[in-house]
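Note sheet for the following structure.
Nothing here was measured: the structure is a model prediction, and the numbers come from that model. Residue indices begin at 1 and follow the sequence shown.
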Amino acid sequence: MKLTRKQVLSRAKASELDSVRKLNCWGSRLTDISICHELPNIEVMTLSVNSISTLEPISHCQNLTEVYLRKNNISNLGELYYLKLLPRLKILWLSENPCCSPDPYRYRMTVLRNLPNLQKLDNQAVTADEVSQATTEGEEFIAAPTVISSSENGHSGPTTERNGADVTTESESDLLNFSMEETNKIREQLGMKPLPRDKFSLFASPIETDAGRKKKNNVLNAILLLLKDLDTEDLEIVQRTAGNRIHQLQRKELQQER
């Protein structure tokens with residue numbers, strides 16, 4: 001799926017592309033983000049849980065300070081070359097991409113060798129010692145990676161495109177696995193207050209005993225995020241469905257009281 005001008009303006013609530021400062025396209029099944037060529041002033045981008053395979057378009061976003069790319073289809077660490085062209089980049093989240101395995105340590109060293117000015121990588125603060133170690137233990141990329149076309153691979157379609165059912169299953173699973181940082185980015189763009197760490201831990205901690213609360217909070221965040229993409233007709237359907245569900249729960253409560 002291609003990210004379009006209309007989608008960008010709608011999600012960013014902007015009238016022109018050059019006025020877009022923040023953009024959230026989490027879990028949008030994107031494969032083409034070439035529109036980034038036209039986003040010179042964007043500062044924060046959330047692109048996690050998509051099917052993006054190249055970072056070249058992002059290299060044109062010279063004011064970018066934060067980019068979230070967790071769980072995409074970036075298989076070549078050489079794509080870091082494009083991020084080296086971003087002088088203000090301080091926060092990068094790239095984990096859970098094919099390029100991150102099989103050696104997590106070498107992966108981190110390579111990222112920091114190419115992006116020594118990062119302050120946070122994969123939600124973990126970068127230390128001066130790590131940056132120093134990276135100069136000898138990480139691989140440096142001095143040229144753009146070679147692009148292999150789908151025809152050279154013997155495929156009839158883009159090499160990064162996944163089966164629609166697989167993407168749907170993955171997205172539904174991820175909606176219940178928000179990280180604290182991404183959740184608060186979404187809440188901020190929805191005009192909601194960020195969750196403090198102590199409250200977030202109530203449903204984000206892996207040792208949380210109240211599984212019901214964890215699931216409900218994550219589902220609520222997912223629903224609020226997805227509502228932005230619905231038109232009037234769709235929202236009316238949601239409203240009717242929610243009303244019916246409320247009536248069902250109320251009847252159930254009355255029956256239990258009798």
Q: List the steps, then state whether side-chain hydrogen bond (donor to acceptor under 3.5 Å, both in side chains) holds for Asp18 with Asn41.
A: CA-CA 6 Å; Asp18 59 8; Asn41 297 313; 5.4 Å; no
Q: Give a yes or no on whether Leu30 and Leu9 share a hydrophobic cluster (residues Ile, Leu, Val, Met, Phe, Trp, Tyr; joining criterion: side-chain heavy atoms under 4.5 Å apart).
A: yes
Q. Do Val126 and Tyr105 sit in the same hydrophobic cluster, where Ile, Leu, Val, Met, Phe, Trp and Tyr count as joined when their side-chain heavy atoms come under 4.5 Å apart?
A. yes
**Q.** Asp129 side chain vs Val131 backbone, donor-acceptor pair below 3.5 Å
**A.** no
Q: Show the numbers, then the answer: is there a side-chain hydrogen bond (donor to acceptor under 3.5 Å, both in side chains) between Arg11 and Ser28?
A: CA-CA 12 Å; Arg11 288 173 179 264; Ser28 299; 3.3 Å; yes
Q.
Any side-chain to backbone donor/acceptor pair from Asn114 onto Tyr81? Under 3.5 Å, distance only.
A. no
Q) Which atom names give the shortest non-hydrogen contact between Leu47 and Asn50, and what distance separates them? A) O-ND2, 2.8 Å
(Q) With a 4.5 Å cut-off on side-chain heavy atoms, are Ile58 and Leu64 touching? (A) yes
Q. When you measure from the side chain of Ser132 to the backbone N and O of Ala128, does any donor-acceptor pair fall under 3.5 Å?
A. no
Q) Do you know which two heavy atoms are closest between Cys61 and Leu39, and how far apart they sit? A) SG-O, 3.7 Å
Q: Taking the side chain as every heavy atom from C-beta outward, state whether Leu80 and Leu94 have any pair of such atoms under 4.5 Å apart.
A: yes
Q | Point-to-point distance, once rounded to the nearest 0.5 Å, from CD of Gln124 to CD of Gln119 | A | 14.5 Å
Q: Apply the test side-chain contact (heavy atoms from CB on, under 4.5 Å) to residues Thr65 and Leu89: give CA-CA distance (whole Å), side-chain angles for both, the deciding distance (0.1 Å), then the verdict.
A: CA-CA 4 Å; Thr65 60; Leu89 187 63; 5.9 Å; no
Q | Closest contact, heavy atoms only, Pro98 versus Ser75 | A | CB-CA, 3.8 Å
Q | Heavy-atom check, side chain of Leu23 versus side chain of Thr46, under 4.5 Å | A | no
Q. Going by heavy atoms in the side chains, are Tyr82 and Pro57 under 4.5 Å from each other?
A. no
Q.
Return the CD to OG distance between Glu56 and Ser34, rounded to the nearest 0.5 Å.
A. 9.0 Å
Q. Salt bridge check: are Lys22 and Glu43 linked by an N-O gap of less than 4.0 Å?
A. no
**Q.** Trace of the side-chain contact (heavy atoms from CB on, under 4.5 Å) decision for Arg5 with Leu17
**A.** CA-CA 8 Å; Arg5 181 179 187 276; Leu17 291 178; 3.9 Å; yes
Q. Do the side chain of Ser53 and the main chain of Asn73 share a donor and acceptor less than 3.5 angstrom apart?
A. no
Q | Pair Glu79 + Lys84, salt bridge at N-O below 4.0 Å | A | no
**Q.** Point-to-point distance, once rounded to the nearest 0.5 Å, from CG of Asp122 to OH of Tyr68
**A.** 11.5 Å
Q) Just how far is it from atom CH2 of Trp93 to atom CG of Leu121, taken to the nearest 0.5 Å? A) 10.5 Å
Q. Do Val8 and Leu3 touch side chain to side chain, with heavy atoms closer than 4.5 Å?
A. yes
Q: Measure across Ser48 and Asn72 and return the closest heavy-atom pair with its distance rounded to 0.1 Å.
A: CA-ND2, 4.0 Å
Q: Kindly give the heavy-atom pair with the smallest separation between Ala125 and Arg108, and that separation in Å.
A: O-NH2, 3.4 Å
Q) Is a side-chain N or O of Asp32 found less than 3.5 angstrom from the main chain of Lys2, in a donor-acceptor match? A) no
Q | Student check: side-chain heavy atoms of Ile33 and Cys36 closer than 4.5 Å | A | yes
Q: For the residue pair Arg70 and Asn97, confirm or rule out a side-chain donor-acceptor distance under 3.5 Å.
A: no
Q) Should Glu130 and Met109 count as side-chain neighbours, where that means a heavy-atom distance under 4.5 Å? A) yes
(Q) If we ignore hydrogens and angles and just use 3.5 Å, is the side chain of Arg88 paired with the main-chain N or O of Asn63 as donor and acceptor? (A) no
Q. Any sub-3.5 Å donor-acceptor pair from Asn76's side-chain atoms to Gly78's backbone N or O?
A. yes
Q | From CA spacing to verdict: side-chain contact (heavy atoms from CB on, under 4.5 Å), Leu92, Leu115 | A | CA-CA 10 Å; Leu92 170 65; Leu115 304 171; 3.8 Å; yes
Q) Between CD of Gln7 and SG of Cys25, what distance do you get to the nearest 0.5 Å? A) 7.0 Å
Q | Point-to-point distance, once rounded to the nearest 0.5 Å, from NZ of Lys90 to NZ of Lys120 | A | 14.0 Å
Q | Closest contact, heavy atoms only, Arg29 versus Met1 | A | O-CB, 3.3 Å
Q. Does Phe141 reach the side chain of Leu77, with side-chain heavy atoms less than 4.5 Å apart?
A. yes
